[in-house]
Number of protein chains: 2
Amino acid sequence: MVARLRSAGLRPTRQRIDLGKLLFARGDRHLTAEILHEEAERSNVRVSLATVYNTLHQFTEAGLLREVSVDGARTYFDTNVSDHHHYFVEGENRLIDVDGKIRIGEIPAPPDGMEISAVEVVVRIRPKPDKQ
Amino acid sequence: MVARLRSAGLRPTRQRIDLGKLLFARGDRHLTAEILHEEAERSNVRVSLATVYNTLHQFTEAGLLREVSVDGARTYFDTNVSDHHHYFVEGENRLIDVDGKIRIGEIPAPPDGMEISAVEVVVRIRPKPDKQ
DNA sequence: ATTTGTGCAAATCGTTTGCATCTGA
DNA sequence: TCAGATGCAAACGATTTGCACAAAT
């Protein structure tokens, strides 16, 4: 983690190292600041919520995380920074990676003087209604 | 407007009628509660912000509006309820309809017991960097 | 008359900020 | 040493809520 932070141009402080470990220990994850903060507490990592927010944003700028806004309310951070899309589980407010590619056709040219910076696809899903 | 509200199952109150007129007078629009509230004030329509929020949500449930969450911070309501996608202008926090179709390929099957309720595509755009 | 909607102000929620203190290089 | 990070609590902006009053059926 220390090396990873250094090469991202971030000082390897205690809290950044600890949060980085929590974030990247398991595979791909989607989490909010709140969730990471709780997880830290459970792991006896002492960090303030403000620092969690700072760290998430710094990691995002450094390219270690990707921000996904899908919900209006909270902001999700994705430990998978590769180009991919998401299911959003309605009601549960949970993100799931779409495994496999979604092919997107030609996109009409944006207005003059503008260029495309990213294309995000969110597939909203919900439980299938019970068969009666 | 009165008829439209009635057939949507909403009581045609003064504020709903006035807000409805503001919303649907011009063509397709994307607005936040705040913006509609300001617009109402400018048009000498007296409504509280709370009522603007209520009305926007009721209209959405009634299918007169569509909610677009793209920003994390504020919620946009779209007077165009047909199936279409959006450009999101970074920095300006503004939505623009994508004219024309975006063709989306096969979407991998969602997890068991889940069904797709909607597919939203957001194309983030930004000013082209000045040529030096 | 009864139900439903409205306005206001206070409350809430996620997030940011100001500032004194601490820490890594 | 000292720029940069952290923690705390207060500030914030968008949205919601509780409740007394008003308007629609």
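Atoms considered below: every heavy atom in the structure, side chains included; atoms not considered: hydrogens, waters and symmetry mates. Note on naming: letters A, B, ... go to the chains in the order of the sequence lines (proteins, then strands), and numbering restarts at 1 for each one. Just so it is clear, the model here is predicted, and its values are computed rather than measured.
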Worksheet entry | For A/H85, all residues meeting ring-ring contact (aromatic ring centres under 6.0 Å, His included), sequence neighbours excluded | none
Worksheet item: Partners of A/H37 by ring-ring contact (aromatic ring centres under 6.0 Å, His included), sequence neighbours excluded?
Response: none
Worksheet entry | salt bridge (Lys or Arg N to Asp or Glu O under 4.0 Å) contacts touching residues 87-100 of chain A (sequence neighbours left out) | A/E92-A/R94
Item to complete: Would you please name every residue forming a side-chain contact (heavy atoms from CB on, under 4.5 Å) with A/T51, sequence neighbours left out?
Response: A/Q15, A/V47, A/S48, A/T55
Fill in: Residue list, side chain to side chain donor-acceptor pair (under 3.5 Å) with B/N54, at least two apart or on another chain
none
Worksheet item: Between atom CZ of B/F59 and atom CG of B/L65, what is the distance when rounded to the nearest 0.5 Å?
Response: 7.0 Å
Discussion item. If hydrophobic residues (ILVMFWY) are linked whenever their side-chain heavy atoms come closer than 4.5 Å, directly or via other members, who joins B/V68 in its cluster?
Written reply: B/V70, B/Y76, B/F88, B/L95, B/V122
Response to the item:
Across all chains, not counting sequence neighbours, the ring-ring contact (aromatic ring centres under 6.0 Å, His included) partners of A/Y53 are none
Discussion item. Using a 4.0 Å cut-off to any heavy atom of chain B, which nucleotides of DNA chain C are the first and last in contact, reading 5' to 3'?
Written reply: C/dT3 to C/dC8
Worksheet entry | A/P127: partners by side-chain contact (heavy atoms from CB on, under 4.5 Å), with sequence neighbours left out | B/M114
Worksheet item: Which residues satisfy the side-chain contact (heavy atoms from CB on, under 4.5 Å) test with A/V81, sequence neighbours excluded?
Response: A/R66
Worksheet, complete the sentence: In 5'-to-3' order, the base (B), backbone-only (S) or no-contact (-) status of each nucleotide in nucleotides 4-17 of chain D, using a 4.0 angstrom heavy-atom cut-off, is SSSBB-----SBBB
Worksheet entry | Degree of bending in the helix from C/dA1-D/dT25 to C/dA25-D/dT1 once both end axes are built from five pairs, to 10° | 30°
